[in-house]
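Everything on this sheet refers to the single structure shown next.
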Amino acid sequence: MEANGFGSWRQRIVVRVRTKHRERIAQHFGVAVNTDADDPSFATFEWTRLTINRGDDEGVVWDLSAAFAEFGDELEWEINWASSEY
């Protein structure tokens, strides 16, 4: 994780979604969404957020859930914690 110099940390979260939602996710978050090399039915993207607490996984899940709210139940997503920095 990288400190921003103002008492907070920039978390880098790797998120997996179904490939069929790739374009909507790219547009919604303004990020590049890449096909997962291990499972082409999934795509991955990196999402960042600032936090004052290192290891704040609960805040990550809460904020991502809110960010995905407009997609409803149709969106399958998961966090790749092993590849994320939080």
Side-chain angles (χ1 to χ4, degrees):
M1 246 181 2
E2 168 184 318
N4 77 346
F6 296 101
S8 62
W9 300 91
R10 181 172 309 281
Q11 295 175 315
R12 186 184 60 80
I13 308 300
V14 178
V15 183
R16 288 177 41 147
V17 296
R18 287 282 180 192
T19 302
K20 67 182 179 180
H21 299 292
R22 178 183 182 150
E23 296 302 319
R24 282 184 67 196
I25 294 294
Q27 185 176 22
H28 181 76
F29 287 97
V31 297
V33 181
N34 304 305
T35 301
D36 190 310
D38 296 327
D39 184 352
S41 67
F42 279 91
T44 62
F45 70 96
E46 287 188 8
W47 176 72
T48 60
R49 71 185 281 271
L50 293 176
T51 184
I52 57 172
N53 300 314
R54 296 182 87 168
D56 181 15
D57 57 339
E58 186 175 317
V60 169
V61 173
W62 178 265
D63 285 353
L64 268 175
S65 295
F68 287 138
E70 77 175 50
F71 294 92
D73 292 336
E74 70 181 275
L75 182 65
E76 287 181 56
W77 62 277
E78 61 187 44
I79 298 169
N80 182 337
W81 294 110
S83 298
S84 299
E85 296 175 354
Y86 61 99

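The figures here come from the full heavy-atom set of this structure, side chains too, leaving out hydrogens, waters and symmetry mates. The first residue of the sequence shown is numbered 1, and numbering continues consecutively from there.
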Out of curiosity, does I13 fall in the hydrophobic cluster containing W62 (side-chain heavy atoms, cut-off under 4.5 Å, transitive links)?
-> no
Who pairs with E74 by side-chain hydrogen bond (donor to acceptor under 3.5 Å, both in side chains), at least two apart in sequence or on another chain?
-> R24
Residues forming a side chain to side chain contact (heavy atoms under 4.5 Å, CB included) with V14, sequence neighbours excluded = R12, T44, E46, N80, S83, S84
Tell me, please, which residues at least two apart from F42 pass ring-ring contact (aromatic ring centres under 6.0 Å, His included).
-> none
Where do A32 and F45 come nearest, in terms of heavy atoms and distance?
-> O-CB, 3.5 Å
Roughly how far apart are R10 CZ and E85 CD, rounded to 0.5 Å?
-> 12.0 Å
Does CD in Q27 sit with more than 12 non-hydrogen atoms of other residues, nucleotides or ligands closer than 6.0 Å?
-> no
Determine the interplanar angle of the W77 and F68 rings, folded into 0 to 90°, and report it as parallel if under 30°, tilted if 30 to 60°, perpendicular if over 60°.
-> tilted
Is there side-chain contact between W47 and V31, with at least one heavy-atom pair below 4.5 Å?
-> no
Under the side-chain hydrogen bond (donor to acceptor under 3.5 Å, both in side chains) rule, what pairs show up with a residue in residues 30-40, not counting sequence neighbours?
-> R16-D36, R22-T35, D39-S41
Would you please name every residue forming a side chain to side chain contact (heavy atoms under 4.5 Å, CB included) with D56, sequence neighbours left out?
-> Q11, R49, T51, N53, E58
Do you know which two heavy atoms are closest between F71 and I25, and how far apart they sit?
-> CZ-CD1, 3.8 Å
For W81, enumerate each residue passing the ring-ring contact (aromatic ring centres under 6.0 Å, His included) test, keeping only those at least two apart in sequence or located in another chain.
-> Y86
Non-neighbouring partners of T19 that pass side-chain hydrogen bond (donor to acceptor under 3.5 Å, both in side chains), sequence neighbours left out = none
